[in-house]
Amino acid sequence: MPSDSQDLLVTRFAPSPTGLLHLGNARTALLNYLAARKAGGRFILRIEDTDEARSSEDFMTALFADLHWLGLEWDEGPDIGGPHASYRQQERRAIYDEWLSRLDAAGLTYPCFCTPAELNISRKRQLAAGQPPRYAGTCRNLTQEERAERLARGLPSALRFRVPQGQTVSFVDLVHGEQRFNSDDIGDFIIRRTDGSTAFFFSNAVDDALMGVTLVLRGDDHMTNTPRQILLLQALALPIPQYAHVALLLGMDGAPLSKRHGDTSLRELRERGYLPGALRNHLARLGHSCVTDGWLDEKALIAEFDLTRLGRAAAKFDYAQLRHWQKEAVAHLSTEEFVKWIAPELPPGLDAQKQVEFVTVVRGNIELPADARAWVKVVFGKLDEFEPAALAAIREAGEGFFTEALQVIGQPGAEFKPAVKALGQATGKKGPGLFMPLRAALTGFTHGPELAPMLALLPAAEIQARLEHARRLAV
Ligand code: GLU
């Protein structure tokens, strides 16, 4: 870790625990993690749970589990503490109150008594007049007496930040380059809600500054929030981080990723058997380009990460791509890991040796644990179903073919390869004409793992029974 803390890159992931971690947020978390690790910096996990009604303890715990599963470790966070604790915004109220009072003291806030209905009407009026909606400033210029009178009546009030007028707010976004905003286009915004909770703009920016965050890497839906947050930090004389706004994740149809694109929570994908490395490889290439096309393990992924390769183009989540990385991830599992991964699909009580033999034979044909089901049945169960193509191959080979096969294949002690050769000689068949009906008869499929090693796992009597069954089907 660099000794000069000025130079330390500090990133953070700041989710609101209002649901399960979805792919878009998982990508943001991963990019922040990689950026920090690449730079030898620090990665903070902060839980933004100021919205108490929608936040839950269960979602927070699920977040920890999902992030760990993805392979992310944080240096500071609610579960492990750190120099800037607490890392839960609900527990930081006193801090926000203190910083709010500084704004108050500087005359930069005022209570707003506008009701949601009033704000709505004002919004509609502005839209109808072709103006961008922003707070019209109704309560900005109330006199002290008017304010006191409203407060005395017990009217609920939010607290707004007095946005300075006639200023240009500019910053250099690491992805989009220089950004300029006119402060006159930004209406005075709420920093404390009517219920007393701190609004996102405020708590998020203050925490970044107090926690020493130097880079805010987040979705570009936050781009227009940034000038507001910069104005707040300037008013409080707090340090302003660098910003990088990455394109939101879209589905292949170009629409924002949602349920209708299939499973979009990490939890669901994990439960279906997707591997963390597959997700890491796909997500690290969404909105960020890698030089290497091939599989990147944890270390290589960190080495590949480069803030200058964050892209502006829409990032599309693609199941075909995920499946590609899943195949790679599966190929990179050790036998032991593979057995553990598909364990729920294996017959109960199968001994360790048999587990390893089975996995060695079928692993090339398995993308998700559920794919193992068919081969478990072929190897350890009874064959009661045939693919239509398999049935056709059996019928085409004819009864005589299987009568011959019964003579040579599945005889106790007989080796498969020489036996098939003998069958070829006896029947005059070769190539697919020889192998396909055998595969069909013995597995019920016309495709699958290499036949000889798979049959080595089957008792001779079972092989004979299957050939006999096929002979009858071929009559
Ligand atoms: N809690 C905010 C969100 O989940 C954090 C945004 C940010 O990264 O600044 O959208």
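Both ligands and their constituent atoms are indexed starting at 1 by order of listing. Here, residue 1 is the first one in the sequence, and each next residue gets the next number.
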TODO: Search all heavy atoms of Leu119 against all heavy atoms of Cys114 and return the closest pair with its distance.
DONE: CD2-CB, 3.7 Å
Task: Working for side-chain hydrogen bond (donor to acceptor under 3.5 Å, both in side chains), residues Ser197 and Glu52 - done: CA-CA 9 Å; Ser197 63; Glu52 287 188 39; over 6 Å; no
Open item on the list: Under the rule for side-chain hydrogen bond (donor to acceptor under 3.5 Å, both in side chains), what residues qualify as partners of Glu91, not counting sequence neighbours?
Closed with: Ser86
TODO: Only counting residues at least two apart or in another chain, list the ones meeting side-chain hydrogen bond (donor to acceptor under 3.5 Å, both in side chains) with Trp375.
DONE: none
Task: Under 4.0 Å from ligand 1 - residues by heavy atom, chain and number - done: Arg12, Ala14, Ser16, Glu48, Phe200, Asn204, Arg218, His222
Task: Ring centers of Phe358, Phe380 separated by less than 6.0 Å - done: yes
Open item on the list: Just to verify, what does Phe201 make a ring pair (Phe, Tyr, Trp, His ring centres under 6.0 Å) with, not counting sequence neighbours?
Closed with: Phe189
